[in-house]
K.L.:
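Got a structure for you, written out below as structure tokens; questions coming shortly.
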Amino acid sequence: MTTSGTDTALEVESVVRGAAAAHRGQRGALLPVLHAVQAELGCVPQEAIPVLADEFNLSRADVHGVVTFYHDFRREPAGRRTVRVCRGEACQAQGAAELVAYARASGVGLGETSADGAVTVEQVFCLGNCALGPAVEADGRLHGRVTPAALGALLNGTV
């Protein structure tokens with residue numbers, strides 16, 4: 001069964017309005033609502049922007065600005081696995097640039113999802129694992145002293 005664009009838009013609207021209702025009255029609720037929408041839908045789709053603007057009495061440009069400013073919010077769904085490479089100073093000094101180069105050579109650059117939808121590679125600027133850099137988080141699990149070979153295993157899902 002296929003889902004029409006109207007059904008998808010109605011689902012997005014329902015999720016956004018439900019998340020907004022759950023945070024109604026809370027100061028600065030836009031960010032928690034965006035996180036809730038992304039948790040439910042896997043991203044903050046374009047269809048959510050006007051609904052969020054309506055819920056918070058903001059312009060669409062204001063909402064779009066928040067979504068695009070924060071790197072945690074995705075506009076498209078992530079792959080089945082998410083691999084986040086730390087680009088903080090300590091990890092950079094320990095070889096994070098080599099990891100980024102390896103990921104790119106493997107066909108998935110920062111902020112991209114592989115063509116088969118298996119993995120999304122993202123960058124972060126501190127995972128709090130500075131003593132064991134370069135650090136990588138794969139599906140919420142922290143890895144330290146990651147080599148390009150170890151990153152390859154994480155990208156392929158063999159770890």
Side-chain angles (χ1 to χ4, degrees), residues 3-94 96-97 99-100 103-104 108-144 146 151 154-155 157:
T3 303
S4 72
T6 303
D7 291 342
T8 301
L10 289 173
E11 177 190 4
V12 168
E13 182 173 358
S14 174
V15 168
V16 171
R17 294 207 188 275
H23 294 278
R24 190 139 350 266
Q26 178 182 355
R27 284 187 65 165
L30 180 58
L31 290 177
V33 169
L34 287 169
H35 282 289
V37 168
Q38 182 162 289
E40 180 77 19
L41 300 174
C43 65
V44 180
Q46 184 63 35
E47 298 86 6
I49 302 298
V51 181
L52 287 160
D54 180 57
E55 283 289 331
F56 290 98
N57 196 27
L58 297 168
S59 72
R60 291 178 183 191
D62 287 337
V63 175
H64 175 80
V66 172
V67 171
T68 57
F69 177 78
Y70 292 102
H71 295 284
D72 284 343
F73 299 122
R74 296 184 196 95
R75 301 298 302 275
E76 300 291 329
R80 292 181 296 280
R81 280 187 317 283
T82 302
V83 175
R84 300 168 72 200
V85 178
C86 181
R87 302 290 305 274
E89 293 299 322
C91 287
Q92 282 296 106
Q94 295 297 320
L99 299 181
V100 171
R104 282 190 184 125
V108 188
L110 296 175
E112 296 178 358
T113 300
S114 61
D116 62 0
V119 66
T120 296
V121 177
E122 299 175 340
Q123 68 179 347
V124 295
F125 289 95
C126 189
L127 288 171
N129 200 28
C130 303
L132 298 176
V136 170
E137 180 186 86
D139 293 330
R141 185 166 179 216
L142 190 59
H143 301 268
V146 177
L151 178 62
L154 293 169
L155 291 173

K.L.:
Assess the residue pair L151 and V83 against the criterion (side-chain contact (heavy atoms from CB on, under 4.5 Å)); give the C-alpha distance rounded to whole Å, side-chain angles, the decisive distance to 0.1 Å, and a yes or no.
P.N.:
CA-CA 9 Å; L151 178 62; V83 175; 3.9 Å; yes
K.L.:
Does N57 have any side-chain contact (heavy atoms from CB on, under 4.5 Å) partners at least two apart in sequence or in another chain, and if so, which?
P.N.:
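N57: no side-chain contact (heavy atoms from CB on, under 4.5 Å) contacts found.
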K.L.:
Please enumerate all residues that pass side-chain hydrogen bond (donor to acceptor under 3.5 Å, both in side chains) together with T68, with sequence neighbours excluded.
P.N.:
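T68: no side-chain hydrogen bond (donor to acceptor under 3.5 Å, both in side chains) contacts found.
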K.L.:
Show every donor-acceptor pair shorter than 3.5 Å between a side-chain atom in residues 43-55 and any protein atom, with sequence neighbours excluded, or say none if there are none.
P.N.:
residue : atom : partner : partner atom : Å
Q46     : OE1  : R75     : NH2          : 2.1
D54     : OD2  : R17     : NH1          : 3.1
D54     : OD2  : R17     : NH2          : 3.2
E55     : OE1  : R24     : NH1          : 3.2
E55     : OE1  : R24     : NH2          : 3.1
E55     : OE2  : R17     : NH1          : 2.6

K.L.:
With sequence neighbours excluded, tell me which residues meet side-chain contact (heavy atoms from CB on, under 4.5 Å) with Q92.
P.N.:
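For Q92, the residues satisfying side-chain contact (heavy atoms from CB on, under 4.5 Å) (neighbours in sequence not counted) are R87, A96, A97.
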K.L.:
Enter the distance from S114:OG to L155:CG here, rounded to the nearest 0.5 Å.
P.N.:
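These two atoms lie 9.0 Å from each other.
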K.L.:
What's the separation between atom SG in C86 and atom CG in L132, rounded to the nearest 0.5 Å?
P.N.:
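So the gap between those two atoms works out to 11.5 Å.
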K.L.:
For A90, what residues pass the side-chain contact (heavy atoms from CB on, under 4.5 Å) criterion, not counting sequence neighbours?
P.N.:
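Only C130 meet the side-chain contact (heavy atoms from CB on, under 4.5 Å) criterion with A90.
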K.L.:
With a 4.5 Å limit on heavy-atom distance, are the side chains of E11 and L41 in contact?
P.N.:
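Yes. Closest side-chain heavy atoms under 4.5 Å.
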K.L.:
Which pair of non-hydrogen atoms, one from C91 and one from A135, has the smallest distance, and what is that distance?
P.N.:
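Looking at all heavy atoms of both residues, the closest pair is SG-N, 3.3 Å.
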K.L.:
Could you walk me through whether T113 and V119 pass the side-chain contact (heavy atoms from CB on, under 4.5 Å) test, one step at a time?
P.N.:
CA-CA 6 Å; T113 300; V119 66; over 6 Å; no
K.L.:
Are V66 and L58 packed together at the side-chain level, in the sense that at least one heavy-atom pair is separated by less than 4.5 angstrom?
P.N.:
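No; the side chains remain at least 4.5 Å from each other.
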K.L.:
For S59, give me all partners under side-chain hydrogen bond (donor to acceptor under 3.5 Å, both in side chains), at least two apart in sequence or on another chain.
P.N.:
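side-chain hydrogen bond (donor to acceptor under 3.5 Å, both in side chains) list for S59, sorted by chain: D62.
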K.L.:
Is the side chain of E13 donor-acceptor paired with the backbone N or O of L10 at a distance under 3.5 Å, no angle test?
P.N.:
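No; judged by distance alone, with no hydrogens or angles, the pair does not exist.
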K.L.:
First locate atom CG of L154, then atom CZ of R81, and finally report the distance between them rounded to the nearest 0.5 Å.
P.N.:
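The CZ atom of R81 is 9.0 Å from CG of L154, to the nearest 0.5 Å.
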K.L.:
Let's go through T120 and E122 carefully: what are the C-alpha distance in whole Å and the side-chain angles of both, what is the deciding distance for side-chain contact (heavy atoms from CB on, under 4.5 Å) to 0.1 Å, and is it a yes or a no?
P.N.:
CA-CA 7 Å; T120 296; E122 299 175 340; 4.0 Å; yes
K.L.:
Going by salt bridge (Lys or Arg N to Asp or Glu O under 4.0 Å), name the pairs with one or both residues in residues 126-138, residues two or more places apart or in two chains.
P.N.:
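Residue pairs with at least one partner in residues 126-138: R84-E137.
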K.L.:
Is there a side-chain contact (heavy atoms from CB on, under 4.5 Å) between L110 and R104? Walk through the geometry before answering.
P.N.:
CA-CA 8 Å; L110 296 175; R104 282 190 184 125; 4.1 Å; yes
K.L.:
Considering only residues two or more places apart or on different chains, which pairs with a residue in residues 38-63 satisfy ring-ring contact (aromatic ring centres under 6.0 Å, His included)?
P.N.:
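Applying ring-ring contact (aromatic ring centres under 6.0 Å, His included) to every pair that reaches into residues 38-63, excluding sequence neighbours, yields nothing.
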K.L.:
Using a 4.5 Å cut-off on heavy atoms from C-beta on, say whether the side chain of V124 contacts that of V85.
P.N.:
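A side-chain contact is absent here, since even the closest heavy-atom pair is not under 4.5 Å.
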K.L.:
Should the heavy atoms of other residues, nucleotides or ligands under 6.0 Å from CZ of R60 be counted, would the total exceed 12?
P.N.:
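Open: at most 12 neighbouring heavy atoms sit under 6.0 Å from CZ of R60.
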K.L.:
Which residues satisfy the side-chain hydrogen bond (donor to acceptor under 3.5 Å, both in side chains) test with Q26, sequence neighbours excluded?
P.N.:
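Listed in chain order: H23.
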K.L.:
Might you confirm whether atom OH of Y70 has over 12 heavy atoms from other residues, nucleotides or ligands at distances under 6.0 Å?
P.N.:
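Open.
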K.L.:
Would you tabulate the side-chain donor-acceptor contacts of residues 28-38 under 3.5 Å, counting partners in other chains and residues two or more places apart, or write 'none'?
P.N.:
residue : atom : partner : partner atom : Å
Q38     : OE1  : R74     : N            : 2.7
Q38     : NE2  : D72     : O            : 2.8

